[in-house]
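Contents: one structure, followed by commentary.
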Amino acid sequence: MRGMSDPSPSSTSPEIAFGLATPYRDVTCGQLRPEDAGREVLIAGWVHRRRDYGGLIFIDLRDRYGLTQIVVNEAESPDATAVADRVRNEFVLEIKGKVARRLAGTENPKLETGAIEVQAQTVEILNEAQTPPFYVNEPDAPVEESLRLKYRYLDIRRRPMLERLMLRSELVHAVREAHYRAGFVEVETPILLKSTPEGARDFIVPSRLQPGMVYALPQSPQQLKQLLMVAGMDRYFQIARCFRDEDLRGDRQLEFTQLDLEMSFVTEQRVMDFVEAMIVEVSRAVVPDRPIQTLPFPRIDYHDAIERFGSDKPDLRFGMELVDLAGALGEGSTGFRVFDEVRAVGGRIKAIAAPGMGNSSRSQIDELAEFARRHGSKGLAHISVGADGTAHSPIAKFLGEERIAAVVSEAAAGPGDLILVVADASRQVVADVLGRLRQELGLRLGLADPNVLAYCWVFHFPMYQWDSEKRRWDATHNPFSGVLPEDEKLLVTESGDPYRPSRGDPAGRARAMQYDIALNGWELGGGSVRIHRRELLERSFALQGYSLDKMHQLFGGILGAFDYGAPPHGGIAMGIDRWAALFSHQTNIREVMAFPKTQSGTDLMLEAPSQPDPEQYAELGLRFEGAPSQQTGGQ
């Protein structure tokens with residue numbers, strides 16, 4: 001090992017200190033070019049591949065920056081050859097040698113260093129390596145994900161994973177640059193906070209210094225960023241670590257990273273304008289080869305999004321919009337009992353037309369019907385349009401040719417298309433099921449260009465949704481979202497008492513100053529202009545079922561701060577993990593996280609979570625009595 005005892009200058013110039021040269025190397029494995037021929041170099045890295053031709057050993061040496069071919073010639077460097085004989089894949093080497101152009105015809109145009117090689121004079125093994133559990137040098141070889149996660153440090157050596165992490169780094173860098181230029185101040189907020197209701201379970205941390213008390217890990221820095229606006233910071237942002245104890249899926253992890261920002265003296269339009277400009281700049285900087293579909297971004301009212309796409313995060317790379325069949329089915333009985341019963345209770349009957357699926361087999365139709373049932377539908381009707389334009393359907397005998405033709409026309413289905421129909425008393429079920437079918441089929445049929453970035457805004461969400469079980473209004477986004485000025489008069493109850501809400505309250509019709517940014521069918525971020533007046537915030541909390549004492553217990557800090565002059569303010573939070581995944585064509589955010597958890601929340605590499613030492617329980621005055629399901633027999 002090299003230490004301070006090695007002869008070296010007492011100080012290093014900034015040019016050298018900021019460079020990539022170290023005592024183990026003066027060039028990286030991706031640096032050398034033909035003009036370096038004749039230069040003596042020191043190079044270090046991992047053995048990517050070794051080939052022994054008897055008297056000549058070729059080593060592909062790898063680091064983060066690329067690959068360099070090393071040639072060890074026994075006739076010229078017998079000592080180096082003796083060491084190279086022992087070398088195997090993933091050994092860590094330091095090599096001293098001379099750069100030479102490769103012989104004509106042996107160049108490798110796939111490598112940036114493919115025109116040169118380093119003719120080794122000395123080879124030193126810095127560290128040996130066991131045989132890896134999977135091939136690091138074959139990036140396309142399939143590897144079980146659990147194995148990749150257990151040996152994540154080896155997985156990151158593979159080019160695809162490394163490139164995704166590098167892209168993520170470029171993304172965060174570009175985000176920071178855009179915010180600094182726009183006058184934002186980066187502020188780090190605490191990780192140990194007070195538990196407040198934010199839509200998911202908190203991770204709690206017992207306090208040793210205050211027995212019986214707990215901290216919560218932040219689901220977001222929501223209250224803190226608003227308090228920074230009260231403090232006069234004006235423009236804040238951070239790349240924030242957040243924690244939510246919720247069931248995992250492809251776009252969720254227990255801990256995640258978000259771009260968090262807040263601005264003072266703004267309207268919805270002003271926040272959205274800045275965020276859109278920032279997104280465009282970041283996209284062009286990080287993935288310049290991927291076109292943005294529409295500029296400026298489409299801005300879609302929430303109700304229009306649900307009506308047209310069945311989703312508040314629509315994928316606009318393809319059409320296949322939902323159509324209402326009320327007009328096509330006409331007045332009176334349709335002859336089909338399912339449709340008539342749905343219409344009798346005020347439900348909806350809507351459809352989508354899947355292009356080119358008109359010749360789907362019975363098993364394919366059944367699979368789509370099962371998909372629909374899995375997401376809440378009681379069934380799925382279909383109409384196939386033949387190549388000659390003739391429609392065929394099991395429900396044709398009930399509806400008759402005239403209504404079937406009207407449905408085909410309303411759905412704008414052409415020859416070879418398949419119309420899928422969902423009918424339900426719940427308008428939400430109809431929209432959700434058809435929205436999911438639309439997204440699934442759009443991807444299956446290749447309707448969505450994978451290279452296009454289709455950003456869009458969805459705005460003016462409902463302020464609340466009714467919770468029948470708890471008999472209260474729940475905020476659709478977060479409890480601090482502001483109400484549209486023209487809807488503020490609706491934040492009242494039928495009873496006249498905000499602490500006695502009911503389903504029929506005018507508050508149920510109020511729209512929030514909320515906005516989501518969607519990208520290719522994923523929710524990329526969400527935000528709002530906030531309530532900044534204490535009286536209005538207390539009234540909103542009351543509608544959400546909080547007593548005065550409870551809201552002061554949970555939100556006393558921000559309520560008190562509003563007594564000292566809070567400016568109008570708003571912001572947004574955007575998922576860095578999701579953004580990086582979409583930029584790198586991934587459907588699971590684990591693929592852009594260095595050390596993610598499995599779907600069960602396990603870290604296979606570090607074997608977390610783990611049992612604490614008894615002393616740790618004792619220090620906190622805790623003991624484990626078993627999970628509730630174990631104590632109650634699973635009831």
Side-chain angles (χ1 to χ4, degrees), residues 20 28-30 45-46 48 62-66 90 92 127 129-130 132-177 186 188 191 203 217-221 237-246 248-260 282 285-287 522 524-525 573-610:
L20 297 175
T28 69
C29 293
W46 286 262
H48 189 68
R62 181 194 71 239
D63 63 11
R64 192 187 95 191
Y65 307 96
E90 301 310 311
V92 185
N127 215 330
Q130 297 181 20
F134 49 82
Y135 291 110
V136 175
N137 58 11
E138 293 186 13
D140 297 326
V143 182
E144 186 182 349
E145 189 186 26
S146 61
L147 197 61
R148 291 176 55 212
L149 293 177
K150 183 175 181 178
Y151 297 95
R152 192 60 152 190
Y153 46 87
L154 296 179
D155 190 36
I156 293 173
R157 292 184 192 176
R158 304 167 85 210
R159 183 54 55 177
M161 190 68 220
L162 173 61
E163 288 179 348
R164 290 195 290 271
L165 292 182
M166 294 295 293
L167 180 145
R168 181 188 176 117
S169 176
E170 293 172 16
L171 167 62
V172 172
H173 178 78
V175 165
R176 280 196 162 101
E177 288 290 305
E186 186 169 9
E188 295 179 356
I191 292 297
F203 283 102
L217 303 184
Q219 296 186 36
S220 76
F237 88 101
Q238 72 170 313
I239 306 299
R241 295 291 287 168
C242 303
F243 308 84
R244 293 186 179 181
D245 186 5
E246 59 187 353
L248 304 189
R249 62 189 190 198
D251 60 353
R252 284 182 183 170
Q253 279 275 298
L254 299 178
E255 50 187 314
F256 56 95
T257 305
Q258 68 182 34
L259 162 62
D260 199 59
V282 169
V286 180
V287 284
W522 285 35
L524 188 58
M574 295 176 57
I576 293 294
D577 310 292
R578 293 183 182 183
W579 207 356
L582 288 163
F583 273 179
S584 52
H585 300 282
Q586 300 302 306
T587 58
N588 194 311
I589 62 173
R590 291 195 293 269
E591 294 298 333
V592 294
M593 302 175 79
F595 302 110
K597 307 289 189 293
T598 66
Q599 194 148 346
S600 63
T602 301
D603 184 329
L604 296 176
M605 184 178 63
L606 299 180
E607 298 182 339
S610 60

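Here the structure is a predicted model, which means the values were calculated and not measured.
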Side chains of [X] and [Y]: does their closest heavy-atom pair fall under 4.5 Å?
{"X": "Gln258", "Y": "Pro221", "answer": "yes"}
{"X": "Ile239", "Y": "Leu259", "answer": "yes"}
{"X": "Leu217", "Y": "Asp245", "answer": "no"}
{"X": "Arg252", "Y": "Arg244", "answer": "no"}

Sequence neighbours excluded, every pair satisfying salt bridge (Lys or Arg N to Asp or Glu O under 4.0 Å) that has a member inside [range]:
{"range": "residues 135-145", "answer": "Glu145-Arg590"}
{"range": "residues 595-609", "answer": "Glu255-Lys597"}
{"range": "residues 163-174", "answer": "Arg164-Glu591, Arg168-Asp577"}

Please name the pair of heavy atoms, one in [X] and one in [Y], separated by the smallest distance, quoted to 0.1 Å.
{"X": "Pro609", "Y": "Gly601", "result": "CD-O, 3.7 Å"}
{"X": "Leu149", "Y": "Pro596", "result": "CD2-CG, 3.7 Å"}
{"X": "Arg157", "Y": "Tyr153", "result": "CG-O, 3.5 Å"}
{"X": "Ser220", "Y": "Cys242", "result": "CA-SG, 3.9 Å"}
{"X": "Val592", "Y": "Ser584", "result": "CG1-OG, 3.4 Å"}
{"X": "Ser146", "Y": "Leu604", "result": "O-CD1, 3.5 Å"}

Quick one: pull up [atom1] in [X] and [atom2] in [Y] and give me the separation to the nearest 0.5 Å.
{"X": "Leu167", "Y": "Leu162", "atom1": "CG", "atom2": "CG", "answer": "11.0 Å"}
{"X": "Arg152", "Y": "Leu606", "atom1": "CZ", "atom2": "CG", "answer": "12.5 Å"}
{"X": "Glu186", "Y": "Asp260", "atom1": "CD", "atom2": "CG", "answer": "11.0 Å"}
{"X": "Leu147", "Y": "Phe134", "atom1": "CG", "atom2": "CZ", "answer": "6.0 Å"}
{"X": "Met605", "Y": "Asp155", "atom1": "CE", "atom2": "CG", "answer": "11.0 Å"}
{"X": "Met166", "Y": "Met161", "atom1": "CE", "atom2": "CE", "answer": "12.5 Å"}

Spell out, as yes or no, whether a donor-acceptor pair under 3.5 Å connects the side chain of [X] to the backbone of [Y].
{"X": "Arg578", "Y": "Asp251", "answer": "yes"}
{"X": "Asp63", "Y": "Thr28", "answer": "no"}
{"X": "Thr602", "Y": "Thr598", "answer": "no"}

Mind running side-chain contact (heavy atoms from CB on, under 4.5 Å) on Val143 and Tyr151 for me, showing each step along the way? CA-CA 11 Å; Val143 182; Tyr151 297 95; over 6 Å; no
As a quick check of understanding, evaluate side-chain contact (heavy atoms from CB on, under 4.5 Å) for Tyr135 and Arg158, giving each step before the final call. CA-CA 9 Å; Tyr135 291 110; Arg158 304 167 85 210; over 6 Å; no
Can you name the side chain to side chain donor-acceptor pair (under 3.5 Å) partners of Arg62, sequence neighbours left out?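 His48, Glu90.
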Those residues that, when tested against Ser610, pass side chain to side chain donor-acceptor pair (under 3.5 Å) (two or more places apart): none
Pair listing, ring pair (Phe, Tyr, Trp, His ring centres under 6.0 Å) test, anchored in residues 580-607, at least two apart: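 Sorted result for residues 580-607: Trp579-Phe583.
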More than 12 heavy atoms of other residues, nucleotides or ligands under 6.0 Å from CD of Glu188: yes or no?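 Atom CD in Glu188 is not crowded, with 12 or fewer foreign heavy atoms closer than 6.0 Å.
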Check this for me: Trp46, atom CH2, are more than 12 non-hydrogen atoms of other residues, nucleotides or ligands nearer than 6.0 Å?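 12 or below, so no.
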